[in-house]
Amino acid sequence: MQIKEILSLSPSNQSLVIKGWVRTKRVSANVAFIALNDGSTIHNIQGVVSDGAVSEETLKLVTTGACIAMTGTLIPSQGQGQSVELQVNSIEVYGVADPEKYPLQPKKHSLEFLREIAHLRPRTNTFSAILRVRHALAYAVHTYFNQNQFFYLHTPIITGSDAEGAGEMFRVTTLPATNPPLTEDGKVDFKEDFFGKETNLTVSGQLEGELGAMALSKVYTFGPTFRAENSNTTRHLAEFWMIEPEVAFNELEDNMNLAEDFTKFCIKYALDHCADDIAFLEKRLLDEEKTKKKEEQSELSLTEKLRFVTENDFERITYTEAINILLQSKTHKQGKFQYPVEWGIDLQSEHERWLVEKHFKKPVILTNYPKDIKAFYMKLDEDGKTVRAMDVLFPGIGEIIGGSQREDDYEKLLQRTKEVGIEEESIWWYLETRKFGSAPHAGFGLGFERLVLFVTGMSNIRDVIPFPRTPKTAEF
RNA sequence: UCCUUCUUAGCUCAGUUGGUUAGAGCACAUGACUGUUAAUCAUGGGGUCCCUGGUUCGAGCCCAGGAGAGGGAGCCA
C-alpha cells in the first residue's frame, strides 16, 4: 500500500508493510523516528522504532536515502505534525545509501546543485511535487480535449520538411560522421541516407495537425518538440513538449476562446487535484520571495495567482492597440524602455512584461500582428497589413501560447510561401489541403513546460522537466 | 550568440591592503539525551581555493587565456 493511502487510514491492529526511501532518521535514547516517503504524496509517514524492536545493525543501515520496508501497525501519533504513524515491528533494508557519499542531505539544497544530480532530485520534496503536478497537467490536457470531442493525432517526430520555420533543427541521419558520401559538387549526399533525403527532428506538429483537422475537424497533438537554437534562458529548452490543437471552421475569435478555456481548465484541474503539492510549492515560493527586494516581491501567493487566472477574463487587444497603449505609457514618455516603440516592431520582452505585469496585471491575448513579423501560414487580414495571429502572454513567463487562424486561400498561401522563400515542392502536400476542400481553420501551440512553470511557481524551465536538454547539456 | 555576475570542505557561503598552519553554519562520524518533526547538546574527521600560464621574495586574493554555472537579452513555446 502506498503512503498516500495509508495516511488516510484509521489506526488498527492490522499489520502493514510500507516501502519507501528514508528522508530522515532521528534517534533518542529509547526511540527512533524514521520519516519515509514513497513519492505517492508530499507527506512522509513516520515510523516509530521503540527500543529493541529492530536490531541495532539494521537500524544503522537506515540512513537518509536508503530504501527500506517497514512492517508494523498504524497507531495514533503521540507527537504533533501527523495524526497517525507506524509502530514498527521489523525493517527490511532493500538498498543502503552511504551517508558519507549520498549527496542529498536533510537540508535545503540550491536548485542549481540539484540540476547537477538530476538522477536523484526527484527524491526531494520540491521535485516530487513538481513531477506530480506535471503529471496532473498532462492528464488534464488529454481530459480537456477528450471531453471536447478532439482526437489525439500523433504527428511525426522525424520530419522531412524544413518549412515549418519555427527554428533551427536537429538533423537525423544514419550516415557516418566522418567521410559521408558526397555528391558531385562536394555536399553530403542525402540520397544515400536512411530516408533517401535530409530529415530532422520536428520543431512543430502544426502542419501535420492541419492535415488532420481537414478530415477529423478537431484534433490536437501533444508530443516532444526539438529546437536546435542556441537559447540560454530560463524559458527555453532544446527538447520540450508542445500541445497543438487545430480546429476546422474555427476563426481567430474561436481560437482565443479555446486557448483561454483550455488553460483555465488545466490550471483549475491542478488546483483541484494537487492541493498538497501546490501548497508546498507555494511555501517554497514564499521563502524564495523573501530573499528578493520588496518591490520585486509578488503581491499574490501562488494559489491566489492561479485562482486569479482561472476566475478572470484574459485581456484581449490587438497589436495596434498595444502599441498605442505603450506609446501613451509613462514608462515610454520617460524614455524608460530600452527598445523603441513604434508600429511594425516585434514587441520586446520588456514591452510584453509591462503590458501583462504592470498595465493589465492579468493574462493578455495580443492579436493581429503585422504580417512581416509572423509566419507565412497565418491568414491575412482585410487591410493586407496584419495577420490573424494571437499570442497569449502570462505574467512572469511571457509568451505561453502562439497561434493563428491559418491562411485557407490557395493563391494567397502560395504567394506568401514565395515571399518568404519556401520551395513549393517541399510542402506540396500542405498546399494541397487548400486545393481540395479547403476550410477556415485555426490552432495554436502551447509550451507544456511553460504551463508547468506557471502552475508550480518555479522560475527556471530546467526545473519543471525531469531531464532538461539545453545547449551543452544532455546528461542523464 | 551577446551583455553581466560567479566558481574556496559533501552543501551554502565568509576570507581585510598580496603575508605564518584557509574559516563558519549545515551535513557526516562518535557520545549524551524518556516521543522526535530539517530534534537538541558536546567532541571529531574533512580542502587540487575550477584549470593553465604569468607577475611577485611571497597569490585563494593581481594579470592573461580557457572551462563550467547563474541572471538578463535575442530566437520562440
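Every heavy atom of this structure was used, including side-chain atoms; hydrogens, water molecules and symmetry mates were not. Letters A, B, ... mirror the listed sequences (proteins, then strands); counts begin at 1. Predicted, not measured: the structure shown is a model, and the values here were computed from it.
Relative ring orientation between Phe337(A) and His351(A) is described as perpendicular, the plane-to-plane angle rising above 60° on a 0-90° scale split at 30° and 60°. Relative orientation of the Tyr369(A) and Tyr319(A) rings is tilted, given thresholds of 30° and 60° on the angle between their planes.
Pro99(A) comes within contact range of the sugar-phosphate backbone alone, with a heavy-atom separation under 4.0 Å but no base atom that close. Nucleic acid contact for Arg353(A): none, since no nucleic acid atom lies under 4.0 Å from a heavy atom of the residue. Among the heavy atoms of the strands lying under 4.0 Å from Asn460(A) are primed sugar atoms or P, OP1, OP2 only; no base atom is included. Backbone-only contact: Thr24(A) has heavy atoms under 4.0 Å from sugar-phosphate atoms and none from a base. Within the 4.0 angstrom heavy-atom criterion, no nucleotide atom of any strand lies near Phe226(A). Contact annotation for Thr63(A): no contact, since no heavy-atom pair falls under 4.0 Å across all strands. Among the protein residues, Gln78(A) comes within range of the nucleic acid bases, having at least one heavy atom under 4.0 Å from a base atom. Backbone-only engagement by Ser349(A) is indicated by non-hydrogen atom pairs under 4.0 Å involving sugar-phosphate atoms exclusively. Within the nucleic acid shown, Gly79(A) comes within 4.0 Å of at least one base atom, counting heavy atoms only. Contacts of Lys60(A) with the nucleic acid, taken as non-hydrogen atoms under 4.0 Å apart, involve only primed sugar atoms and P, OP1 or OP2. When heavy atoms are screened at a 4.0 angstrom cut-off, Ile401(A) is found touching the sugar-phosphate backbone but no base atom. Using a 4.0 Å heavy-atom cutoff across all strands shown, Thr233(A) reaches at least one base atom of the nucleic acid.
When the P atom of C33(B) is taken as reference, atom CG of Asn30(A) falls 9 Å away, rounded to whole Å. Between the CG atom of Leu61(A) and the P atom of A29(B) there is a distance of 12 Å, given to the nearest Å. Per the geometry, CD belonging to Glu116(A) stands 9 Å off P belonging to G70(B), to the nearest Å. The CD atom of Gln105(A) sits 4 Å away from the C1' atom of A27(B) (whole-angstrom rounding). With rounding to whole Å, Gln82(A) atom CD is found 13 Å from A39(B) atom C1'. Here the P atom of nucleotide A27(B) and the CG atom of Asp98(A) are 17 Å apart, to the nearest Å. In this structure, Arg115(A) places its CZ atom 14 Å from C1' of G68(B), rounding to the nearest Å. For Glu288(A) and U12(B), the CD to C1' distance is 15 Å, given to the nearest whole Å.
The gap from the C1' atom of G18(B) to that of U1(B) amounts to 37 Å, rounded to the nearest Å. Nucleotides C75(B) and G68(B) have their C1' atoms positioned 24 Å apart, rounded to a whole Å. Comparing the P positions of U20(B) and G60(B) gives an interatomic distance of 10 Å, to the nearest angstrom. Only the P atoms considered, C13(B) is 9 Å distant from U7(B), to the nearest whole Å. Taking atom C1' on both C28(B) and U34(B), the two are 26 Å apart, rounded to the nearest angstrom. Annotation: U48(B) and G10(B) have their P atoms spaced 7 Å apart (nearest Å). Across the P atoms, U52(B) and C61(B) are found 13 Å apart, a figure rounded to whole Å. The separation of A32(B) from C50(B), taken at their C1' atoms, amounts to 41 Å, rounded to a whole angstrom.
If you check distances only, the side chain of Glu85(A) does reach the base of G35(B) with a donor-acceptor pair under 3.5 Å. Looking at Asn44(A), its side chain has no donor and acceptor atom pair within 3.5 Å of the base of U37(B). Applying the 3.5 Å distance criterion, the base of C11(B) shares no donor-acceptor pair with the side chain of His109(A). A donor-acceptor contact under 3.5 angstrom links the side-chain atoms of Gln46(A) to the base of U36(B).
Using the Watson-Crick or G-U wobble rule with both distances under 3.5 Å, U55(B) pairs with nothing in any strand shown. In this structure, A32(B) forms a base pair with U40(B), meeting either the Watson-Crick or the G-U wobble geometry with both donor-acceptor distances under 3.5 Å. U48(B) is unpaired under the criterion used here, namely a Watson-Crick or G-U wobble arrangement in which both key atom distances are under 3.5 Å. In this entry C13(B) has G23(B) as its Watson-Crick or G-U wobble partner, both defining distances falling under 3.5 Å. Both distances falling under 3.5 Å, in either a Watson-Crick or a G-U wobble arrangement, place C2(B) opposite G72(B).
With hydrogens and angles ignored, the 3.5 Å screen pairs no side-chain donor or acceptor of Ser50(A) with any backbone N or O of Ala53(A).
Taking the charged nitrogens against the carboxylate oxygens, Glu407(A) and Arg388(A) have no contact shorter than 4.0 Å, which rules out a salt bridge. A salt bridge does not link Lys358(A) to Glu350(A): none of the charged side-chain nitrogens sits closer than 4.0 Å to a carboxylate oxygen.
Per the stacking criterion (ring centres < 5.5 Å, plane angle < 30°), Phe33(A) does not stack onto the base of G35(B).
Applying the salt bridge (charged side-chain N to carboxylate O under 4.0 Å, His left out) test between Lys362(A) and each of Glu357(A), Glu315(A), Glu260(A) identifies Glu315(A) as the sole match.
Contact annotation: the side chain of Ile91(A) approaches that of Val49(A) to within less than 4.5 Å [non-hydrogen atoms, C-beta and beyond].
Distances were taken from every side-chain heavy atom of Lys107(A) (C-beta onward) to each of C26(B), C28(B), G72(B); the shortest belongs to C26(B). Of all nucleotides listed (U37(B), C75(B), G35(B)), G35(B) comes nearest to the side chain of Ser28(A). The side chain of Arg450(A) sits closest to A77(B) out of U1(B), C28(B), A77(B).
The 5' end of RNA chain B is approached more closely, in terms of each residue's nearest nucleotide, by Pro471(A) than by the other of Ser231(A) and Pro471(A). Nearer the 5' end of RNA chain B, as judged by each residue's closest nucleotide, is the contact made by Lys472(A), out of Lys472(A) and Arg235(A).
The side chain of Arg26(A) contributes an N or O atom lying less than 4.0 Å from OP1 or OP2 of A39(B). Remark: Thr473(A) is in phosphate contact with A69(B), judged by side-chain N or O atoms under 4.0 Å from OP1 or OP2.
A cation-pi arrangement is found for Lys385(A) relative to Trp343(A), the charged atom lying closer than 6.0 Å to the ring centre and inside a 45° cone about the ring normal.
For an aromatic pair to be called close, the ring centres must be under 6.0 Å apart, and Tyr152(A) with Phe145(A) fails this.
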